[in-house]
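Side chains included, hydrogens not; waters and symmetry mates left out as well; all remaining heavy atoms used. Letters A, B, ... are given to chains in the order of the sequence lines, protein chains preceding strands, and every chain is numbered from 1.
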Amino acid sequence: MSETTEKSLNFIEQIIEEDLKNGKHDKRIHTRFPPEPNGFLHIGHAKAIYVNFMIAQKYGGKTNLRFDDTNPVKEDTKYVEAIKRDIQWLGFEWEGEPLYTSDYFGKLYAFAQDLIKKGLAYVDDQSAEEIAQQKGTPTEPGKESPHRSRSVDENLDLLERMKNGEFDEGSHVLRAKIDMAHSNMHMRDPLMYRIKKVTHHRTGDDWCIYPMYDFAHGQSDSIEEITHSLCSLEFEVHRPLYNWFIEKLEIFPSRQIEFARLNLNFTVMSKRKLLRLVEENVVDGWDDPRMPTISALRRRGYTPESIRDFAERVGLAKRNNIIDLGLLEFSIRDHLNKIAPRVMAVLRPLKVVITNYPEGKTEMLTTENNPEDESAGTRELPFGREIYIEQEDFMEDAPKKFFRLAPGKIVRLKSAYIIEYVDHKKDAVGNITEVHVKYFENSRSGQDTSGIKAKGTLHWVSAEHAQDAEVRMYDRLFNDEAPDGHKGRDFMEFLNPDSLEIITNAKVEPSLVEAKEGDRFQFQRLGYFCVDNTYSEPGKPVFNRTVTLKDAWAKMQKR
RNA sequence: UGCCCCAUGGUGUAAUGGCAACACAUCUGGUUUUGGUCCAGGUAUUCUAGGUUCGAGUCCUAGUGGGGCAACCA
């Protein structure tokens with residue numbers, strides 16, 4: 001037996017294990033993920049998806065995918081497709097076919113009739129304004145509607161006529177009869193149905209009335225016999241109403257449990273704000289790699305594994321939280337470090353001439369594809385008299401701790417030779433245009449007999465063989481930790497003007513020309529990059545920077 | 001000034017009345033043909049005040065602080 005360090009349970013797992021112990025629901029566990037198809041899924045949803053699917057998986061249960069489509073004004077089939085794709089990409093499989101709240105419109109209508117018959121619901125023909133006014137405030141009780149005590153038959157008839165489209169939008173609603181003085185605002189005769197003469201993406205024009213969230217969600221859970229209905233903290237105050245409907249309708253008692261949603265610093269997460277970024281063309285669309293959406297993370301080069309790992313690491317509790325973006329970056333670096341092939345790419349090329357290397361000679365050098373993974377094998381890299389190195393890897397006046405190329409310095413070219421500075425040239429305005437070095441012939445990688453110790457190692461590409469490539473350097477969209485956390489200031493004020501830098505003349509090793517959409521690489525010493533799925537063309541890949549490498553040198557320079 | 005929820009290092013999450021720990025971040029050092037990875041180590045934590053108890057981060061009360069609730073949205 002191996003020693004397994006027992007991982008402690010989160011509060012939902014504790015509830016579930018208690019239920020299991022008590023034999024509740026015949027020890028069955030069934031969760032659901034209930035998105036409204038009115039926008040794209042983001043990293044916050046990824047956590048909710050992870051929580052729902054992993055908890056069911058852990059206890060041998062099932063997870064439904066249910067589209068909460070009760071408001072046809074905002075919903076659309078195109079979002080249904082995007083949501084399904086994102087969940088599958090994350091690696092989760094829902095039980096059976098996707099479900100829809102709209103599938104239950106008939107049952108919900110019957111539930112409404114049932115409540116009317118029990119004297120627990122009534123049709124109100126006041127305006128939205130009047131109803132809002134009578135609702136009271138958190139500190140003052142509300143007033144009862146003058147229509148509150150209509151007869152069962154009259155209510156039944158009015159509801160029927162609402163359904164049949166005999167009334168205008170806004171003229172009538174169905175309300176639950178609970179308590180207009182209740183301390184919980186949601187219990188003050190909440191709306192159950194409103195008239196909307198709008199075509200629904202699935203039921204078409206079958207219905208003129210649509211149920212409100214509170215009269216749809218819990219009952220849908222119940223119809224599907226969901227045992228544990230997990231949702232975010234904001235629905236905590238809805239729980240008494242959720243339970244009220246279930247109790248009065250005498251239907252399957254699903255249990256709602258709330259947990260804290262994910263918040264990330266340096267970003268915004270609300271659909272409304274993300275939509276604004278898209279509509280005002282601040283970004284390139286919902287899947288712009290700077291967005292926190294699942295589709296953007298995918299395009300940026302994040303792996304499903306890394307997002308699941310992140311969701312695991314952020315934990316699960318009821319405390320409001322703001323997760324450091326650095327944790328997400330840790331998760332993707334950690335995964336990519338293990339799987340991404342290392343390649344040579346120079347973003348800002350500086351020509352280096354090896355003056356003692358034979359002109360016209362090309363030799364092939366062997367380099368490992370991934371030092372973390374022996375099975376990744378090796379490949380050949382062409383080397384010649386002229387190469388490109390990174391501009392920032394040469395300094396005319398270098399400080400002591402600069403372990404790169406500079407007057408008087410010796411460095412190793414990764415997988416190639418050790419070189420020594422000889423000379424450099426500048427243009428009229430003082431830019432360095434070319435560096436001359438000499439190489440040590442007996443220092444070739446793998447067969448180094450020179451005995452020379454080089455302090456630094458540089459990445460490079462052969463000038464003759466290098467290919468031009470476009471590289472998109474993405475950075476955080478906002479330069480403020482909480483862009484939407486400043487009272488009286490718009491989050492757009494905190495946009496990072498440098499969130500995208502497009503480099504069109506990067507030099508990459510020849511093998512990269514064949515890179516395909518979605519391929520991920522580590523550009524040696526620079527970071528992780530992947531082939532963009534939108535701008536790339538066959539033979540002309542465009543690379544997105546997923547994340548930089550950790551950079552101790554940059555950190556040192558800041559100090 | 002009503003109701004509900006929450007409070008543990010910088011950020012998250014554990015400790016289920018019995019030695020406050022883990023991850024990320026941060027700092028030192030080592031290894032290294034990536035200033036990456038890896039390895040070793042350090043800094044740093046129970047909101048306040050009472051109470052219960054042999055013993056409280058944990059239970060109780062009050063306070064303080066944070067969040068949520070008054071859409072014909074979900």
Return the polar atom pairs (N/O with N/O) between nucleotides 72-74 of chain B and the protein under 3.5 Å, or none.
unit_1	atom_1	unit_2	atom_2	d
B/C72	N4	A/Gln126	O	3.2
B/C72	N4	A/Ala128	N	3.2
B/C72	N4	A/Gly170	O	2.8
B/C73	OP2	A/Arg194	NE	3.1
B/C73	OP2	A/Arg194	NH2	2.7
B/C73	OP2	A/Lys196	NZ	3.3
B/C73	O3'	A/Arg194	NH2	3.2
B/C73	O2'	A/Asn71	ND2	3.2
B/C73	O2'	A/Lys74	NZ	2.8
B/A74	OP1	A/Thr70	OG1	2.6
B/A74	OP1	A/Arg194	NH2	2.9
B/A74	OP2	A/Tyr213	N	2.9
B/A74	O3'	A/Asp68	OD2	3.1
B/A74	N6	A/His238	NE2	3.2

**Aromatic centroids of A/Phe215 and A/Tyr193 separated by under 6.0 Å** = yes
Closest of B/U34, B/A23, B/C3 to the A/Arg313 side chain is B/A23
Non-hydrogen side-chain atoms of A/Phe523 and A/Phe543 separated by less than 4.5 Å
yes
*May I ask you to say whether A/Glu279 pairs ionically with A/Arg276, meaning some side-chain N is under 4.0 Å from a carboxylate O?*
no
### Check: B/U33 base within 3.5 Å donor-acceptor of A/Ser415 side chain
no
Inset, instruction - Count the heavy atoms of every other residue, nucleotide or ligand shown that sit under 6.0 Å from CD1 of A/Ile322, and state whether that count exceeds 12. - result: no
By ring-ring contact (aromatic ring centres under 6.0 Å, His included), A/Phe402 pairs with (sequence neighbours left out) A/Trp553
Between CG of A/Asn10 and C1' of B/U16 the distance, given in whole Å, is 14 Å
Under the rule of Watson-Crick or G-U wobble with both distances under 3.5 Å, where | means paired to another strand and [ ] a crossing pair, RNA chain B maps to .((((((..((((....[..)))).(((((.......)))))....(((((..]....))))))))))).....
From NE2 of A/His459 across to P of B/U32 the rounded distance in Å is 22 Å
I'd like to know if A/Asp124 pairs up with A/Arg148 as an ion pair, taking the criterion as any Lys NZ or Arg NE/NH1/NH2 lying under 4.0 Å from an Asp or Glu carboxylate oxygen.
no
What nucleic acid atoms does A/Gly446 come within less than 4.0 Å of, heavy atoms only: base, sugar-phosphate, or nothing? base
Point to revise | Carboxylate-amine/guanidinium proximity below 4.0 Å for A/Lys58 and A/Glu13 | key: yes
Comparing A/Val237 with A/Thr457, nearest RNA chain B nucleotide closer to 5' gives the residue A/Thr457
Scoring nucleotides 5-10 of chain B by protein non-hydrogen atoms under 4.0 Å (B base, S sugar-phosphate only, - none) yields SSSB--
request  = Could you walk me through whether A/Ser222 and A/Gln219 pass the side chain to side chain donor-acceptor pair (under 3.5 Å) test, one step at a time?
outcome  = CA-CA 5 Å; A/Ser222 184; A/Gln219 290 87 314; over 6 Å; no
Taken to the nearest whole Å, CD/A/Glu392 to P/B/U34 is 17 Å
Regarding A/Arg255 and A/Asp221, does a basic nitrogen lie under 4.0 Å from an acidic carboxylate oxygen?
no
Taken to the nearest whole Å, NZ/A/Lys555 to C1'/B/C27 is 9 Å
Rounded to whole Å, the NE2-P distance (A/His182 to B/C69) equals 18 Å
Identify whether any heavy atom of A/Glu258 sits under 4.0 Å from a base atom; if not, whether one sits that close to sugar-phosphate; answer base, sugar-phosphate or nothing. nothing
Do any N or O atoms of the protein come closer than 3.5 Å to N or O atoms of nucleotides 36-46 of chain B, and which pairs are they?
unit_1	atom_1	unit_2	atom_2	d
B/G36	N2	A/Glu372	OE2	2.8
B/U37	O2'	A/Asn337	ND2	3.2
B/U37	O2'	A/Glu372	OE1	3.0
B/U37	O2'	A/Glu372	OE2	3.4

Side-chain heavy-atom pair A/Leu262, A/Tyr50 within 4.5 angstrom cut-off: no
Which is true for A/Leu316 with a 4.0 Å heavy-atom rule: it touches a base, it touches only sugar-phosphate, or it touches nothing? sugar-phosphate
At 4.0 Å (heavy atoms only), tell me whether A/Ile322 reaches a base, stays on the sugar-phosphate, or touches nothing. sugar-phosphate
Check: Does the side chain to side chain donor-acceptor pair (under 3.5 Å) test come out yes or no for A/Asn38 and A/Glu36, once each step is laid out?
Finding: CA-CA 6 Å; A/Asn38 70 342; A/Glu36 182 186 14; 2.9 Å; yes
With a cut-off of 6.0 Å (strictly less than), are more than 12 heavy atoms of other residues, nucleotides or ligands near CD of A/Gln447? yes
Less than 3.5 Å apart, which donor and acceptor atoms pair up between the side chains of residues 314-321 of chain A and the rest of the protein, not counting sequence neighbours?
unit_1	atom_1	unit_2	atom_2	d
A/Lys318	NZ	A/Glu236	OE2	2.9
A/Asn321	ND2	A/Arg261	O	3.4
A/Asn321	ND2	A/Arg319	O	3.4

Carboxylate-amine/guanidinium contact A/Arg66 A/Glu224, below 4.0 Å: yes
### Task
Using a 4.0 Å heavy-atom cut-off across all strands, classify A/Phe403 as base, sugar-phosphate, or nothing.
base
Looking across every strand, which nucleic acid part, if any, lies under 4.0 Å from A/Phe402 by heavy atom: base, sugar-phosphate, or nothing?
base
A side-chain contact here means heavy atoms from C-beta on lying under 4.5 Å apart; do A/Leu328 and A/Tyr302 qualify? yes
At less than 3.5 Å, do the side-chain atoms of A/Arg525 and the base atoms of B/U34 form a donor-acceptor pair? no
